[in-house]
S.K.: 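First, the structure itself, so that you have it in front of you.
Hydrogens, waters and symmetry mates play no part in the numbers below; they use all other heavy atoms, side chains included. Chain A is the first sequence line, chain B the second, and so forth, proteins listed ahead of strands; every chain is numbered from 1.
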There are 2 protein chains.
Amino acid sequence: MIALHDIKSPKPEDFPSELEGLRMTKQRREILSVILSKRDHPTANDVFLRAQKRMPTISLATVYNCLEALVSHGIVRQVNFERESSRYCPNLNDHCHFQDESTGQIHDVTFKKGVNLADFLELPQGTEISHLEISLKGRIGSS
Amino acid sequence: MIALHDIKSPKPEDFPSELEGLRMTKQRREILSVILSKRDHPTANDVFLRAQKRMPTISLATVYNCLEALVSHGIVRQVNFERESSRYCPNLNDHCHFQDESTGQIHDVTFKKGVNLADFLELPQGTEISHLEISLKGRIGSS
DNA sequence: AGGGGAAATTGGAATTATTCTAATTTGGAG
DNA sequence: CTCCAAATTAGAATAATTCCAATTTCCCCT
């Protein structure tokens with residue numbers, strides 16, 4: 001089974017008119033397409049600039065609205081590094097993020113198979129995690 | 001050996017005039033004291049309001065300056081939850097943060113003994129991590 | 001097909017956290 | 001005691017994001 005976020009570079013037309021209960025408007029489609037086409041964790045403003053190329057009348061407010069709609073429906077993920085502006089990621093698999101300080105590029109980092117939060121954190125028992133974000137910064141050694 | 005951040009509620013006078021190479025001015029002392037006295041992960045503005053009680057002329061800009069100085073000298077940690085304003089934490093032991101969504105309170109969460117990043121993340125080999133932040137949100141079950 | 005209405009989009013203003021600036025103050029070194 | 005770099009201050013500036021009020025879109029009902 002192939003999920004939407006596994007499709008490499010879908011055109012806006014490839015999306016159904018509704019996704020995860022979210023009405024897929026022209027703008028939402030375009031924004032989703034932007035995010036799926038170049039998976040470099042763009043900021044809202046990056047998305048705005050890219051979306052404008054094919055849809056010159058789109059507004060930044062709409063980009064924010066659409067991103068928020070996509071995020072809250074679990075179609076894309078919001079990614080934060082400290083106080084930097086949020087970035088958006090279409091990879092819905094369990095993963096976290098590493099920012100290479102020499103290039104600024106952000107890489108997805110997966111968890112080792114079978115690991116589980118409770119295996120490495122002293123969580124108060126009964127804790128229900130609704131949201132988890134792991135952000136790493138560093139460099140990739142030349143060795 | 002007892003470290004500064006293990007002292008429960010030090011008065012500003014308890015600090016040496018220099019700490020980790022950072023000149024301890026009146027204001028920095030006061031701010032450090034605020035952060036150590038009530039370890040509830042206050043925001044810069046919270047710190048400002050508390051510091052004002054004993055030092056009515058302190059400015060918010062100074063609070064930001066001092067916090068940045070304390071953070072960059074490794075005396076306190078900056079803590080972020082998504083796009084919320086930064087919070088400050090005097091616990092220098094290796095730990096991460098859990099925000100209880102029913103109370104808003106933030107709790108320190110330690111790592112299980114002996115666990116190591118590389119044990120649970122598929123890091124590209126040669127990766128040097130300079131900064132790691134793990135932020136959890138959720139609820140503590142009643143059971 | 002047509003019309004009503006809720007939801008989405010838009011541009012611009014507003015907000016919020018944080019940083020910057022330039023002027024003043026402070027405090028240690030000589 | 002004086003000098004000077006560093007720290008503090010108030011207020012302005014910035015940046016990201018949200019809000020607002022006025023359209024516009026487009027689904028549903030007949």
S.K.: Quiz question: by atom type and distance under 3.5 Å, do the side chains of A:N45 and A:T43 form a donor-acceptor pair?
M.R.: no
S.K.: Are OP1 or OP2 of D:dT9 and a side-chain N or O of B:T62 less than 4.0 angstrom apart?
M.R.: yes
S.K.: What is the distance, to the nearest angstrom, from the CD atom on A:E30 to the P atom on C:dA8?
M.R.: 18 Å
S.K.: For the ring pair B:F120 and A:F120, is the centre-to-centre distance below 6.0 Å?
M.R.: yes
S.K.: Any side-chain donor-acceptor pair under 3.5 Å between A:N80 and A:H97?
M.R.: no
S.K.: Distance check needed: C:dT9 C1' versus A:R29 CZ, whole Å only.
M.R.: 15 Å
S.K.: Nearest whole Å is fine: how far is D:dA16 P from A:F81 CZ?
M.R.: 17 Å
S.K.: Taking atom P of C:dT10 as reference, at what distance in whole Å does atom CZ of A:R28 sit?
M.R.: 11 Å
S.K.: Do NZ/NE/NH1/NH2 and the carboxylate oxygens of B:R50 and B:D40 come within less than 4.0 Å?
M.R.: yes
S.K.: D:dA7 P sits how many Å from B:I31 CD1, rounded?
M.R.: 13 Å
S.K.: Under 3.5 Å, is there a donor on one side chain and an acceptor on the other for B:T62 and B:N65?
M.R.: no
S.K.: Identify all pairs in which a protein N or O lies below 3.5 Å from an N or O of nucleotides 17-27 of chain D, and state each distance.
M.R.:
from, atom 1, to, atom 2, distance (Å)
D:dT17, OP1, A:S86, N, 3.0
D:dT17, OP1, B:R83, NE, 3.3
D:dT17, OP2, A:Y64, OH, 2.5
D:dT17, O5', A:Y64, OH, 3.4

S.K.: How many Å lie between CE on B:M24 and P on C:dG27, as a whole number?
M.R.: 14 Å
S.K.: Which residue is it: A:Q105, A:H107, A:E84, A:E82? I am looking for the one with a side-chain contact (heavy atoms from CB on, under 4.5 Å) to A:Q99.
M.R.: A:E84
